[in-house]
Every structure is written in C-alpha cells, then in structure tokens.
Amino acid sequence: MSKQPNIVMFLVDDMGWQDTSEPFWTEPTPFNERYRTPNMERLARSGVKFTQAYACSVCSPSRVSLITGLNAARHRVTNWTFAKNEAKDSESDELIFPDWNVNGITPSPDGERAVHAKCLPEFLRDVGYRTIHVGKAHLGAFDTPGADPKNLGFDVNIAGHAAGGPGSYLSEQGFGADWRGGDNHWTVPGLEAYHDSGTFLTEVLTLEANKEVDRSVAEGKPFFLHMSHYAVHVPFAEDPRFIDNYGDLPEQEAMYAALVEGMDKSLGDILDRIDKLGIADQTIVIFMSDNGGLSAHGRDGEAHTHNKPLSSGKGSAHEGGIREPMIVRWPGVTRADSTCDEYVMIEDFFVSILEMAGIQNPEQIGGVLDGRSFVPLLHGQSGVSTGRALFWHYPNKWGSDGPGIGSTSAIRKDDWKLIYYHEPSAASQFELFNISEDIGETTNLAACEADRVAALRKELREFLIDCDAQMPVDKRTGKVVALP
Ligand code: CA
C-alpha cells in the first residue's frame, strides 16, 4: 500500500446499533434477523468490527466532533443546528439553555456562536488528497459559511448543506418538503438532474459518489470520500427496490428497514467500484453512524425499544442513543473477520483518519484535541481503552422524553457509566450503570456505589472545567446548574 491510502468514510445518519444483520452484541438479536445488510457483513468479514463505538446522541455534535477532533463540551455545538443565530432547543420548564454554538463550524475566526476549527478535509487537502463530500453535511447553520462543505476543506460538495434531513427521499418530490408543507430549506440541493427520474435519494448519492471516485483515480490523486448518507433519518419513505422485503412489518418499520437495506446496497456499490478499479488494496473503508437509532417517536411499536438490548435511542445518554455500528477495513493492517471490544469515541475519527493519511500530531486551532487515534486497535493492540474516560455533554433539550433523554453530562470509564441529569426535578440526579454486566441499563447503582459515583463525578467535573463547558441555568434560582 502506498503511503497515502484512499479513505472512504461511510457515515450513516441515525442508524442504530442493532439496525443490521451483522450482530454487534455477544449474541444475535431479533433485529439482526429483521434487517438485511449483506454488505456490512461483507465488510465485517474482511475487516474489524467495533462493538463499543460511541458518538453523541444527536447529529451536529457528532459531525462536528468527527471533523474537528474536539469533544462536544469543547466545541459547543452541543445540539443540532439549522437557522442562523437560532437555537433549536425545545422549551424547558426548569432550565434556560446556554448560548451554545448554534451556527456550527465557521471557517473564519470571527464567526459568532460558531466553533472556529481546522477541519479534517483541510488537513487532508494540505497533503495532496482530493476531498469529496457527498450527502448530508449539517456542519453549519443556513446563511453561515459553514453551511457549505466547500468552505470547510472539501473540493467537491454534492447535496450537502445546512439541513440535517432530506425534504424527501423521492425524486418525484424533488427531494423537497412540499409534500409535508415544509419550506425549501429542506430541499436536498444540487440534484435537479435526478428530479422525476425515479431514482431514490440513497441511490443518487451513491451514483454521484462513484463518479467522484472514478474522477479521483483518473486524476491520480488519493481521495477522501465523506460518504454521508441522509439515510436512515426521517422522513421515512418507501424505497421501491426493497420495500417488498418487509411486507410483514408495520408501515413505518417496513420503510425504515428498506432504508437500511438501501444504505447497505450503497456500501456494496462503493466496495464493488473500488474492487473494479483495482484500488481496494489501497483504500481504507470506515463505517459509522452519527447517533443512535430513533426510538422516542416516529416509529411503530413501543417507544425506546428499537435498539434492544440497548435502552432508549436517539437523543438519549443511554446506550441506545450513543452506541454505533462501526467497521474498519484497512488492507494490510486490519485482520479479516476480527472483532474489537475496546471503546472508541466519535472525535477519535479525526486523529485516526489523519494518522492513516500519514499526518501525525495534527495541530488544531486552540492547541487542544480530545480525540485519540484508534489506529493501534486496527493493528490489533489490546488494553488501549483501559482506564480511559469518554465524555458526553448535552446542556440542551431535544424534544421527546424517555430513558436517558434530557439535559445531561455523562462519563464512561471501563465497565461503568455515570449520567448526571441537569434538571432539578429529574427522577435521579445520577444514574450509574455497569455497562458490561447490564447493557440494557436497567439497574441504577448510584445509591449503593457512593465511592465510585464520587470518583466519576470528579473526573467528569474536571473534564468539563477543562473544556470551559457551558451549563444551563436553573429557572427557579436564576443560578447556573452546578457541575457534577
Ligand atoms: Ca443523526
């Protein structure tokens, strides 16, 4: 393999840990039986599967962390972005939310309420990569420079802008939101050539991505493909290619399963293309999702159960909101059909991808990076995450209620996870779970593990102080909510 491998970052939106026929738990589950993802299986057979990969619980924080190497507490894009200078937090009876970076990333140092950072594709471009964004961006608010991936280091932008979801997956609807009374902010941009073509959005993005792969090879440049699907985010739609495979499921679930299968076909088509071009042995493929599967609303069946055995889903600090399916294939480095149970975090992708590209010790604006390279894990090293703490910070309100959903900060260290709830009326101020023994987070051990709670609180508190993290204000007292 040459010194500069091609890198495909295949990022799925809102895909849960169980939304696949490839088991990520110690045993197959009914969901593994339901979903059909043969190309994820194919990638897993030829690479390494990570069973404890984590992201943030909603879109923008994860995406900004991936592309900057910073934890959400530090970059302050703690909730999802949309309109300029406007927070999308739901109202809370108890909390006033902080002035988080509602505008996302800014390429200029004078951006207001936005994080100014040097982005992953900028580093890659500096060393000769052709940098391609395809699909959902959701990195900066409308009417700000960060809305356009081309302002963040991408040479090519296909279909990416400020919105975090498609108006529609259907070409007959122009990929816009008219059909549901939505405005043109939701229209997936730049795909006019496919309107009324009968081509499903996931397929459109795949065709366009493969064209860019071809162009990169023709130009003789290493490429970084940020293949960032709108699937499997709402609004669900019937993918006619796959919907008939799920006739026994309720309507929403059938559409969802077909979306998952369409996403998987995209992965297969890209793997096929790099095989055909003879570049598979020079191409790293990374599979990841940006947050847990939607479960609090918009699904058939009982809420908070769609990621079982995990508790809850998107928007939650419980495992269902943050644990993701991750696979990496690096020819000549990863061992085929292997599994890694060490935990990794979304900001780790930044340093890891740069290391893959030969960039060691990247210098981020501000001089700090939170991500840690998982390349040693790809080489088969173990014990790397022992004693390491992972952190989540969400001083915001997503909308729905449910287990782990709310304004929270959390820490995972070894077997244990501690969640701190910011609302004064929370049923428990702290939840402590032994994730290794209780993956479903059914038993809160905070009351009987006082020493452990104290130690984790201290470590979480010190991290938040180090980040200068923002906390909400308690409406009753007018005071900032105390650090954990
Ligand atoms: Ca998402």
Side-chain angles (χ1 to χ4, degrees), residues 9-20 53-68 72 75 77-82 88-90 100 102 104-105 133-141 146-147 149 159-167 169 185-186 188 201-202 205 226-237 255-256 259-260 262-264 266-267 286-299 304 306-307 310 312-326 345-347 349 392-394 396-400 402 404-405:
M9 177 73 232
F10 193 96
L11 185 65
V12 190
D13 196 9
D14 285 15
M15 181 189 173
W17 192 61
Q18 288 295 309
D19 297 342
T20 166
Y54 287 105
C56 307
S57 67
V58 295
C59 307
S60 304
S62 280
R63 288 159 186 272
V64 172
S65 288
L66 189 156
I67 221 154
T68 64
H75 64 58
V77 187
T78 50
N79 204 0
W80 63 284
T81 56
F82 190 76
K88 280 292 180 184
D89 295 283
S90 298
W100 58 277
V102 296
I105 304 181
H133 172 84
V134 180
K136 166 168 162 171
H138 208 192
L139 295 163
H161 67 150
Y169 287 96
H185 283 100
W186 295 100
V188 181
L201 177 58
T202 309
L205 299 177
H226 190 233
M227 178 68 250
S228 177
H229 274 292
Y230 282 93
V232 297
H233 195 284
V234 292
F236 305 155
M255 288 194 287
Y256 188 79
L259 269 177
V260 168
M263 171 283 297
D264 183 79
S266 170
L267 174 65
I286 307 169
F287 184 100
M288 184 64 172
S289 171
D290 71 339
N291 53 252
L294 184 67
S295 192
H297 53 248
R299 301 286 300 266
H304 318 303
H306 297 86
N307 300 293
L310 307 184
S312 206
K314 179 176 183 177
S316 173
H318 281 196
E319 296 289 293
I322 56 176
R323 194 186 278 223
E324 315 302 337
M326 173 181 167
M345 183 66 178
I346 190 73
E347 52 260 32
F349 286 69
W392 292 263
H393 184 56
Y394 187 73
N396 304 87
K397 188 173 170 83
W398 179 55
S400 290
I405 299 176

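Remember, it's 1-based here, ligands and their atoms both numbered in the order they're listed. Just so it is clear, the values below take in all heavy atoms, side chains as well, and ignore hydrogens, waters and symmetry mates.
- Inspection of the His393 and Thr78 side chains reveals no N or O donor paired with an N or O acceptor under 3.5 Å.
- In this structure, the salt bridge (Lys or Arg N to Asp or Glu O under 4.0 Å) partners of Asp13, at least two apart in sequence or on a different chain, are Arg63, Lys136.
- With waters neither drawn nor counted, the protein N/O/S atoms under 3.0 Å from the Ca ion (ligand 1) amount to 6.
- With sequence neighbours left out, the salt bridge (Lys or Arg N to Asp or Glu O under 4.0 Å) criterion links Glu319 to Arg323, Lys417.
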Leu294/Tyr256 under side chain to side chain contact (heavy atoms under 4.5 Å, CB included): CA gap, chis, key distance, verdict: CA-CA 10 Å; Leu294 184 67; Tyr256 188 79; 5.6 Å; no
Residues Trp186, Phe82; criterion ring pair (Phe, Tyr, Trp, His ring centres under 6.0 Å); working and verdict: CA-CA 10 Å; Trp186 295 100; Phe82 190 76; 4.8 Å; yes
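- Under the rule for a side-chain contact (heavy atoms from CB on, under 4.5 Å), the partners of Thr81 that lie at least two apart in sequence or sit in another chain are Ser60, Val77, Trp100, His138.
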